[in-house]
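Here's the structure we're looking at; comments come further down.
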Amino acid sequence: QEQLLESGGGLVQPGGSLRLSCAASASIFSANAMGWYRQALGKQRELVATITSGGTTIYADSVKGRFTISKDNAFKTVYLQMNNLKPEDTAVYYCNAKRFGDWRPYDYWGQGTQVTVSS
């Protein structure tokens, strides 16, 4: 069952922008944090940005100042605004939603959306 659905990926030239969206199903609630990860060809998956239910954000050094993560009021949709894209940003981007603790914890992943930065 699909619980996180990413959209907004595509092909863009260096210096361009893309906005990724991640929509959570109704079964996902009370998440502690949601975030974006990426995996480039031949590389390990890495954290790009994360946002907590309270709005605290963390960014990888490689994207800080270029990418912005945000969320809706219900914390059911998260966005990743990507500006000044570089070829090194090319990867499959995955959305993640996580809840910690003993009350119905979970760690869900989306199917991923391809981002390709090339001239």
Side-chain angles (χ1 to χ4, degrees):
Q1 186 174 70
E2 197 71 38
Q3 293 169 305
L4 293 171
L5 183 61
E6 302 100 331
S7 62
L11 175 64
V12 66
Q13 294 189 83
S17 298
L18 285 173
R19 192 190 194 208
L20 305 183
S21 298
C22 174
S25 68
S27 64
I28 297 179
F29 62 96
S30 299
N32 294 126
M34 298 183 72
W36 290 94
Y37 296 71
R38 68 186 182 188
Q39 186 169 18
L41 188 64
K43 302 290 186 180
Q44 297 295 111
R45 188 174 298 186
E46 64 178 356
L47 176 67
V48 177
T50 187
I51 186 167
T52 69
S53 60
T56 301
T57 58
I58 297 291
Y59 296 93
D61 288 342
S62 60
V63 307
K64 198 168 187 177
R66 300 188 297 121
F67 292 9
T68 303
I69 189 170
S70 60
K71 63 181 180 68
D72 67 357
N73 291 333
F75 207 27
K76 287 296 186 71
T77 306
V78 294
Y79 308 94
L80 186 68
Q81 179 66 46
M82 305 185 294
N83 298 325
N84 192 23
L85 284 160
K86 304 175 180 180
E88 63 204 69
D89 296 317
T90 296
V92 178
Y93 284 69
Y94 298 90
C95 181
N96 173 258
K98 182 177 294 182
R99 182 168 68 213
F100 311 125
D102 295 329
W103 182 70
R104 294 181 178 271
Y106 56 74
D107 188 359
Y108 296 128
W109 293 88
Q111 293 288 324
T113 185
Q114 177 71 45
V115 172
T116 302
V117 185
S118 176
S119 59

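Note that the structure is a prediction, hence the values are computed from the model and not measured.
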Point to revise | Check: Gln13 main-chain N/O paired with Ser119 side-chain donor or acceptor under 3.5 Å | key: no
Exercise for review: Please say whether more than 12 non-hydrogen atoms of neighbouring residues, nucleotides or ligands are located less than 6.0 Å from CD in Gln111.
Suggested key: no
Review point. Which residues satisfy the side chain to side chain contact (heavy atoms under 4.5 Å, CB included) test with Ser7, sequence neighbours excluded?
Key: Ser21
Study note, to complete from the structure: residues 102-119 vs salt bridge (Lys or Arg N to Asp or Glu O under 4.0 Å), sequence neighbours excluded, gives Lys98-Asp107
Practice item. Using the test side chain to side chain contact (heavy atoms under 4.5 Å, CB included), find all partners of Ala26 that sit at least two apart in sequence or belong to another chain. Key: none
**Study point:** Residue pairs passing the salt bridge (Lys or Arg N to Asp or Glu O under 4.0 Å) test where at least one lies in residues 47-59, sequence neighbours excluded
**Key:** none
Study note, to complete from the structure: With sequence neighbours left out, the residues meeting side chain to side chain contact (heavy atoms under 4.5 Å, CB included) with Gln39 are Arg45, Tyr94
**Study point:** Donor-acceptor contact below 3.5 Å, side chain Glu46 vs main chain Arg38
**Key:** no
Practice item. Please lay out, stage by stage, how Gln3 and Ser27 fare under the test side chain to side chain contact (heavy atoms under 4.5 Å, CB included). Key: CA-CA 7 Å; Gln3 293 169 305; Ser27 64; 3.4 Å; yes
Practice item. For residues 46-119, pull every pair meeting disulfide (SG to SG under 2.5 Å), keeping only residues two or more places apart or in separate chains. Key: Cys22-Cys95
Review point. Given a cutoff of under 4.5 Å between side-chain heavy atoms of I, L, V, M, F, W and Y, with clusters grown through shared members, what are the other residues clustered with Phe100?
Key: none
Practice item. Return the set of residues passing side chain to side chain contact (heavy atoms under 4.5 Å, CB included) with Ala31 (not counting sequence neighbours), or none when no residue passes. Key: Met34, Phe75, Tyr106
Point to revise | Of all pairs that satisfy ring pair (Phe, Tyr, Trp, His ring centres under 6.0 Å), the ones with a partner from residues 26-71, not counting sequence neighbours | key: Phe29-Trp103, Tyr37-Trp109
Review point. For Arg19, what residues pass the salt bridge (charged side-chain N to carboxylate O under 4.0 Å, His left out) criterion, not counting sequence neighbours?
Key: none
Practice item. Would you mind listing every salt bridge (Lys or Arg N to Asp or Glu O under 4.0 Å) that reaches into residues 56-81, with sequence neighbours excluded? Key: Arg66-Asp89
**Study point:** Whether over 12 other heavy atoms sit under 6.0 Å from Ile58 CD1
**Key:** no
Exercise for review: Could you note down all residue pairs passing disulfide (SG to SG under 2.5 Å) where residues 53-85 supplies at least one of them, sequence neighbours left out?
Suggested key: none
Review point. Judged by modelled atom types alone, do Ser17 and Asn83 share a side-chain donor-acceptor pair under 3.5 Å?
Key: yes
